[in-house]
Trainee: 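Let me give you the structure first, and then I'll get to my questions.
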Amino acid sequence: MHFSLTLGRLFAQALIFSSVLSLADSAAIKSDGHGKGSDKGNSNGGHFVPFDPLEATIDSIHAAVYGQTATCRQIVEAYIARIVEYNPQINAILTLNPNALTISDSLDMALANGDSIAKAPLFCVPMFVKDNYDTFDMPTTAGVLALAGAQPPSDAPTIAALRKAGAVIMGKTNLQELALEGLCVSSLGGQTYNPYDLTRTPGGSSGGTGASVAASLACLGTGTDTVNSIRSPASSNSLVGIRATQGLISRSGIVPVSWSQDIAGPLARTVRDAAIGLSVMASVGYDPADNRTAIGEGHRYKDYTKFITGTALKKQPRIGVLDIMFSNATDPEIQAVNTVMNEAIAKIAAAGAEIVHISDPFYNVSALSAAYDVQRFEFRQLMDAYLSAPGEKTPVPDLAALVATGKWFLAPTQKTWFQQVFNYSTWSPGYDVGVAGAYNNVTIHLMDLFASQNLTALIYPEQNRLVVQVGSPGQSGRNGELAGVAGVPVVVIPAGFSSPNTTAPVGVPVGMEILGMPFTEGPLIDLADSIESVLKARKIPSLFNHQVPAKHLDSVPVITPNNTLPYPYHLGPYTN
């Protein structure tokens with residue numbers, strides 16, 4: 001691999017997405033934003049409510065707009081009402097899209113005119129994107145105060161695909177600074193809080209997306225995953241998250257961490273919605289700006305929901321349980337996860353699966369990370385290439401200049417790692433060994449395990465302890481390293497909850513990883529859907545389960561995140 005050439009291609013700018021809709025035509029929408037309605041909608045205090053976003057799915061949104069019980073604008077206004085009401089409590093959103101209402105008006109006009117976009121898979125689906133995806137109409141900051149206002153000239157290809165599929169990009173969500181940890185703290189956005197327990201983090205790095213989707217501030221969201229970063233917030237917020245096979249989805253136009261390990265993907269409240277999101281994101285296909293997408297050719301499917309049969313467990317699949325991913329410590333935070341997972345495994349077995357316990361010490365997360373995680377070698381070069389790319393218009397030209405501003409945040413556990421990134425590169429001894437070993441050792445070891453044991457999937461807790469409290473030095477106990485270095489697909493689904501307490505009225509979510517072989521996303525989604533139906537584990541966060549009255553808006557309100565860093569965090573590097 002000629003890494004310097006790959007850098008140039010990987011972060012070439014995507015073309016500006018040209019809307020298929022005429023914004024001028026949107027003026028024909030009634031000024032009050034209300035189209036044909038129905039008196040059969042929900043009610044709140046005697047007032048007609050055309051649409052309630054709480055736990056809404058893509059199908060229920062489509063039922064509303066196609067059944068003419070709500071316009072797309074009314075749906076977007078309903079989500080904005082929830083955002084205004086609830087985001088101050090979880091601090092999940094960095095910015096709202098000022099064009100969201102104009103976009104919804106255009107979609108209403110497209111439906112009235114019978115335009116083809118009205119039949120698109122994400123038509124009028126409000127969603128948030130993690131603020132490390134380039135968007136032509138909103139800044140892309142990766143949560144860094146030093147990058148505030150950085151405006152890309154064009155959309156990342158995945159964002160362009162989401163828009164083309166009819167999605168309403170509602171705004172950008174907070175993330176762990178530069179997507180490097182799992183606490184969801186950033187110098188630009190501050191701390192995001194878990195909607196199930198406001199004393200805890202929402203996981204990360206895609207925690208802002210996770211918290212906002214869990215609280216029904218959007219129907220769908222995007223994340224990125226280098227080691228845990230889609231799956232951690234999915235687990236911590238009772239959501240479904242999909243980390244696809246490396247090469248299935250383009251990474252160009254996304255602030256990078258690791259060429260070898262980065263992947264983009266969806267977060268949703270149901271397996272079906274996540275599958276629709278995956279279908280659209282994978283539709284970019286081969287992207288010359290990310291030449292790794294070449295290996296995905298022939299493995300992509302237009303609609304991953306077509307794999308869902310509802311009968312996967314009835315076929316008596318052999319499912320391996322990676323025992324080494326569980327902790328035997330007596331800590332109640334760990335035992336709570338073990339209890340949830342053991343109960344879930346028993347239900348899966350009762351539904352027809354054959355459970356095979358795998359005790360191979362090869363899968364020790366710490367050992368995998370030490371031997372095969374190569375992000376420390378790749379990060380600085382990739383960031384320098386992204387920050388200096390023509391047209392990005394970032395305030396700093398490279399990572400060293402960003403650090404020199406002091407306007408950035410580093411989690412305490414990242415101190416040693418961050419020092420290493422300035423001493424390592426892809427020419428450093430050990431880099432080629434790590435890259436080659438990840439495939440030759442980890443991926444092939446997994447393939448051998450699946451073949452020898454005739455496995456359909458492996459399961460284990462995404463995190464072997466409950467998601468950590470706000471103010472913790474790092475997000476401990478996560479098990480995402482295996483898929484991260486092997487490049488194989490995982491679907492995370494809700495497994496259950498810890499016991500309720502005063503700060504967690506319904507308990508703290510626990511998530512299950514379902515791991516498969518490369519490019520088996522379809523069968524994994526089918527299995528995840530069947531397990532989801534058996535466990536029925538998702539619960540609404542009780543602090544956010546109330547209907548919020550919507551009203552007509554002349555413009556999109558401005559969101560200002562609370563970027564005060566909680567104790568003991570501070571800007572700049574940790575020196576003690």
Side-chain angles (χ1 to χ4, degrees), residues 1-15 130 132-134 155-161 179 222-231 242-266 278-301 304 372-386 389 425-427 431-444 446-447 480-490 515-521:
M1 176 181 67
H2 300 290
F3 198 77
S4 59
L5 294 178
T6 300
L7 284 171
R9 292 193 297 267
L10 180 57
F11 298 109
Q13 299 305 296
L15 294 176
K130 184 178 182 180
N132 58 350
Y133 286 73
D134 280 356
D155 282 337
T158 45
I159 298 300
T222 69
T224 57
D225 193 309
T226 305
V227 181
N228 291 281
S229 294
I230 289 171
R231 293 163 289 156
I242 300 177
R243 178 193 167 97
T245 308
Q246 283 282 15
L248 191 76
I249 300 174
S250 167
R251 289 95 46 90
S252 64
I254 299 174
V255 181
V257 176
S258 168
W259 186 86
S260 298
Q261 296 171 209
D262 285 350
I263 193 70
L278 175 68
S279 303
V280 173
M281 296 180 77
S283 71
V284 172
Y286 170 66
D287 178 4
D290 178 2
N291 59 9
R292 196 159 195 171
T293 54
I295 66 174
E297 290 298 274
H299 296 290
R300 299 182 183 91
Y301 294 89
Y304 281 93
Y372 306 114
D373 189 313
V374 296
Q375 56 182 310
R376 67 187 183 278
F377 295 100
E378 298 174 345
F379 176 63
R380 176 176 55 83
Q381 289 171 268
L382 291 171
M383 276 300 298
D384 288 352
Y386 176 85
S425 74
T426 55
W427 295 279
Y431 173 68
D432 290 338
V433 173
V435 170
Y439 179 79
N440 293 332
N441 295 336
V442 185
T443 309
I444 291 181
L446 267 174
M447 289 178 171
E481 194 74 57
L482 176 58
V485 298
V488 297
V490 171
L515 179 146
M517 285 291 89
F519 300 110
T520 59
E521 282 81 3

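Nothing here was measured: the structure is a model prediction, and the numbers come from that model. Numbering starts at 1 and runs along the sequence shown.
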Trainee: Could you check whether any side-chain heavy atom of Leu278 comes within less than 4.5 Å of a side-chain heavy atom of Leu248, counting everything from C-beta outward?
Mentor: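 Yes - at least one pair of side-chain heavy atoms lies under 4.5 Å apart.
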
Trainee: Kindly give the heavy-atom pair with the smallest separation between Ala179 and Lys130, and that separation in Å.
Mentor: CB-NZ, 4.0 Å

Trainee: Is the shortest distance from a Lys or Arg side-chain nitrogen in Arg243 or Asp225 to a carboxylate oxygen in the other one below 4.0 Å?
Mentor: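 Result for this pair is yes, salt bridge flagged.
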
Trainee: Side chains of Ser258 and Ser260: is there a donor and an acceptor less than 3.5 Å apart?
Mentor: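 There is no such pair (donor and acceptor under 3.5 Å, judged by atom type) between the side chains of Ser258 and Ser260.
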
Trainee: Is Asp262 close to Ile254 at the side-chain level, that is, under 4.5 Å between some pair of heavy atoms?
Mentor: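 Counting from C-beta outward, Ile254 and Asp262 never come under 4.5 Å.
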
Trainee: Could you go step by step and tell me if Gln261 and Tyr372 meet the side-chain contact (heavy atoms from CB on, under 4.5 Å) rule?
Mentor: CA-CA 10 Å; Gln261 296 171 209; Tyr372 306 114; over 6 Å; no

Trainee: Tell me whether the count of non-hydrogen atoms from other residues, nucleotides or ligands lying under 6.0 Å of OH in Tyr439 goes above 12.
Mentor: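 Not more than 12 within 6.0 Å, no.
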
Trainee: Picking from Glu378, Gln375, Gln246, what satisfies side-chain contact (heavy atoms from CB on, under 4.5 Å) with Trp259?
Mentor: Glu378

Trainee: Begin from the C-alpha positions of Leu482 and Val442 and carry the test side-chain contact (heavy atoms from CB on, under 4.5 Å) through to its verdict.
Mentor: CA-CA 8 Å; Leu482 176 58; Val442 185; 3.8 Å; yes

Trainee: In the structure I gave you, are the side-chain heavy atoms of Arg251 and Pro256 within less than 4.5 Å of one another anywhere?
Mentor: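 Answer no - side chains too far apart.
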
Trainee: Is the backbone N or O of Val280 less than 3.5 Å from a side-chain atom of Tyr304, with the two atoms forming a donor-acceptor pair by type?
Mentor: no

Trainee: Flag the pair Val284 / Thr293 as yes when at least one side-chain heavy-atom distance between them is below 4.5 Å, and no otherwise.
Mentor: no

Trainee: Would the distance check show the side chain of Arg231 and the main-chain N or O of Val490 forming a donor-acceptor pair, the cut-off being under 3.5 Å?
Mentor: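 No; zero donor-acceptor contacts below 3.5 Å.
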
Trainee: Given side chains that start at C-beta, do those of Asp287 and Arg292 come closer than 4.5 Å, heavy atoms only?
Mentor: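 Side chain of Asp287 against side chain of Arg292, heavy atoms only: no contact under 4.5 Å found.
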
Trainee: Kindly indicate whether the side chain of Val488, heavy atoms from C-beta on, has any atom under 4.5 Å from the side chain of Leu515.
Mentor: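 Yes - at least one pair of side-chain heavy atoms lies under 4.5 Å apart.
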
